[in-house]
Novice: 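Sharing a structure, written as structure tokens. Questions coming.
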Amino acid sequence: MRVLVALGGNALLRRGQKPDADLQQDNVRVAATSLAELAREHELVITHGNGPQVGVLALESADDPNLTRPYPLDTLGAQTQGMIGYWMLQALQNALPGRQVICMINQTLVSAVDPALADPTKFVGQVYDRAEGERLAEENGWTVKPDGPYWRRVVPSPAPQRVVETRLIRNLVRDGIVVVCAGGGGVPVIRDDKGRLRGIEAVVDKDLTGSILAETLECDAFLILTDVPRVMRNFGTPEQQEIGHTTPHELRELDFPAGSMGPKVEAACRFVETTGDMAAIGRLDQASDILQGTAGTIVTPNATWPLASTL
Ligand SMILES: Nc1ncnc2c1ncn2[C@@H]1O[C@H](COP(=O)(O)OP(=O)(O)O)[C@@H](O)[C@H]1O
Ligand SMILES: NC(=O)OP(=O)(O)O
């Protein structure tokens, strides 16, 4: 099988954790152990989030007295691909001796007139209490929104159209190489009227990019790994209930928040609707069980679709 895994940025740096490199590398090692199990059996493409990390780099850049202006979000996105990609590369090489692993810097085409550019929804950086969030928004010209019980900066997140280097990724995965690519959803770029690429100030959602990439690479399964075991109905209320095996039709009847579970559910539904194959959402350390259909929220075209565990 060919499998694409999208790894959550918050799963690599949990809300409220200090963004120290050694702590994130520990989290990456946990992820690599789980991903190595998949790579031993399947062709594997991995993409990862960067929401918490791009926010940390943005704050650093805003505080750098040597800069005339802070680095733009596209440049910071590429920095996170290098940083998280390096951690992933090393952890995967250590977990898979003898296997070739590559990490790529990738760009993702978006539309210059995407309405999402004027309506920030993507959470980046650390969480604050309301007063602190509103003070920082005032000082730095940010938009902040509630993220669960916290407040957090949001930036524009246009819809991904295509990963620019898709053909190269396909060649690498066909050769049995474990490919880490399109980190942070890929650096958002537009084409100008002469066909030249140019970065824009945004952060793409890595689950939506992952869905497009999984479809284009003809993956058999698309796994979205994060810090919750399953998608839940009535999340955060006393009536909260885990969803096991479901369909895009059932999921589309429910409401999910725009900055977190919403794009994951949308990405999973789109992959299943377009390809007729399986998508799943679940916890980072349960990748193999999720692919078998024994953990996570499994999304298939219909309720009688045969799961690997029942074949
Ligand atoms: N219906 C829901 N079911 C499960 N988790 C949900 C739901 N709605 C919101 N969430 C939140 O979504 C979070 C995962 O999204 P996010 O933080 O964006 O993940 P990541 O950065 O790992 O991609 C969970 O930690 C949980 O707090
Ligand atoms: N770029 C992105 O989707 O990051 P998160 O997974 O951290 O939200």
Side-chain angles (χ1 to χ4, degrees), residues 6-16 19 47-62 70-81 83-84 106-128 133-134 136-137 140-163 182-190 199-213 224-228 235 255-270 281:
L7 215 61
N10 288 315
L12 299 179
L13 181 62
R14 301 192 206 341
R15 286 175 184 77
T47 186
H48 60 80
N50 71 345
Q53 296 81 3
V54 79
V56 171
L57 297 185
L59 269 180
E60 274 178 27
S61 186
Y71 283 4
L73 279 171
D74 58 321
T75 299
L76 295 171
Q79 285 188 17
T80 64
Q81 289 185 345
M83 177 176 73
I84 302 170
N106 292 120
Q107 306 163 94
T108 295
L109 276 176
V110 301
S111 164
V113 294
D114 190 321
L117 291 171
D119 177 23
T121 53
K122 182 87 199 145
F123 288 116
V124 298
Q126 66 194 78
V127 293
Y128 305 100
E134 286 178 347
L136 287 165
N140 296 301
W142 298 347
T143 307
V144 290
K145 285 190 179 162
D147 181 12
Y150 305 106
W151 285 67
R152 204 168 168 200
R153 183 182 177 192
V154 280
V155 300
S157 191
Q161 296 178 332
R162 181 182 166 86
V163 175
V187 177
V189 293
I190 54 169
I200 61 159
E201 284 259 28
V203 174
V204 179
D205 185 89
K206 60 102 184 31
D207 299 309
L208 295 177
T209 300
S211 176
I212 288 171
L213 201 51
I224 299 175
L225 302 184
T226 181
D227 58 356
V228 283
F235 179 69
D255 274 335
F256 298 99
S260 56
M261 195 46 76
K264 291 184 200 314
V265 167
E266 179 60 30
C269 289
R270 277 192 210 173
I281 301 171

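As the structure is a computational prediction, the values presented were derived from the model and not from experiment. Counting begins at 1 with the first residue of the sequence.
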Novice: Hey, does the side chain of Thr108 reach the backbone of Pro160 with a donor-acceptor pair shorter than 3.5 angstrom?
Specialist: no
Novice: Between Gly186 and Val204, what is the shortest heavy-atom contact and its length?
Specialist: O-CG2, 3.8 Å
Novice: How far apart are the closest heavy atoms of Asp114 and Ala159, and which atoms are they?
Specialist: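 Smallest interatomic distance, heavy atoms only, reads OD2-N, 2.8 Å.
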Novice: Using the rule given for side-chain contact (heavy atoms from CB on, under 4.5 Å), can you reason through Thr209 versus Thr47, listing the C-alpha separation, both sets of side-chain angles and the distance that settles it, and then say yes or no?
Specialist: CA-CA 9 Å; Thr209 300; Thr47 186; 5.6 Å; no
Novice: Check Ala182 against Leu213 and note the closest heavy-atom contact, atom names and distance.
Specialist: CB-CD2, 4.2 Å
Novice: Mind checking whether Gln53 and Leu12 have side chains closer than 4.5 Å, heavy atoms only?
Specialist: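 In contact.
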Novice: From Leu13 CG over to Asn50 CG, what is the distance, rounded to the nearest 0.5 angstrom?
Specialist: 11.5 Å
Novice: Looking at side-chain heavy atoms only, is the closest gap between Val155 and Leu73 below 4.5 Å?
Specialist: yes
Novice: For Gly184 and Lys206, work out which heavy atoms get closest and say how close.
Specialist: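 For Gly184 and Lys206, the tightest heavy-atom pair comes out as C-CB, 4.2 Å.
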Novice: If we only count heavy atoms from C-beta on, is the Ile190 to Val110 side-chain gap below 4.5 Å?
Specialist: yes
Novice: What is the distance from atom CZ of Arg162 to atom CD1 of Ile212, rounded to the nearest 0.5 Å?
Specialist: 10.0 Å
Novice: Nearest heavy-atom pair of Gly199 and Asp74: which atoms, and what distance?
Specialist: CA-OD2, 3.3 Å
Novice: Work out which heavy atom in Ala116 is nearest to a heavy atom in Pro156; give both atom names and the distance.
Specialist: O-CB, 3.7 Å
Novice: Tell me whether Phe256 at atom CZ has more than 12 heavy atoms from other residues, nucleotides or ligands lying less than 6.0 Å away.
Specialist: yes
Novice: Measuring from atom NZ of Lys122 to atom OG of Ser260, what distance do you get when rounded to the nearest 0.5 angstrom?
Specialist: 9.0 Å
Novice: My understanding is that only residues two or more places apart in sequence, or in another chain, count here; which of them pass side chain to side chain donor-acceptor pair (under 3.5 Å) with Gln79?
Specialist: none
Novice: Would you please name every residue forming a salt bridge (Lys or Arg N to Asp or Glu O under 4.0 Å) with Glu134, sequence neighbours left out?
Specialist: Arg130
Novice: Should Leu7 and Leu225 count as side-chain neighbours, where that means a heavy-atom distance under 4.5 Å?
Specialist: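 In short, these two side chains touch, coming nearer than 4.5 Å.
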Novice: Check whether any side-chain N or O of Gln81 sits under 3.5 Å from a backbone N or O of Gly183 as a donor-acceptor pair, and report yes or no.
Specialist: yes
Novice: Are any of the side-chain heavy atoms of Gln126 and Pro19 separated by less than 4.5 Å?
Specialist: no
Novice: Evaluate Val228 against Met261 for side-chain contact (heavy atoms from CB on, under 4.5 Å), listing each step before the verdict.
Specialist: CA-CA 10 Å; Val228 283; Met261 195 46 76; 3.8 Å; yes
Novice: Does any non-hydrogen side-chain atom of Ser157 lie less than 4.5 Å from one of Leu208?
Specialist: no
Novice: Spell out, as yes or no, whether a donor-acceptor pair under 3.5 Å connects the side chain of Asp207 to the backbone of Pro263.
Specialist: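 It does not hold such a pair.
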Novice: Whether the side chain of Ser61 engages the backbone of Pro70 through a donor-acceptor N/O pair (distance < 3.5 Å, no angle test) should be reported.
Specialist: no
Novice: Run the side-chain donor-acceptor check on residues 140-151: report pairs under 3.5 Å with partners two or more places apart or on a different chain.
Specialist:
{"from": "Asn140", "atom 1": "ND2", "to": "Leu136", "atom 2": "O", "distance (Å)": "3.1"}
{"from": "Lys145", "atom 1": "NZ", "to": "Pro120", "atom 2": "O", "distance (Å)": "2.7"}
{"from": "Asp147", "atom 1": "OD2", "to": "Arg15", "atom 2": "NE", "distance (Å)": "3.0"}
{"from": "Asp147", "atom 1": "OD2", "to": "Arg152", "atom 2": "NH1", "distance (Å)": "3.0"}

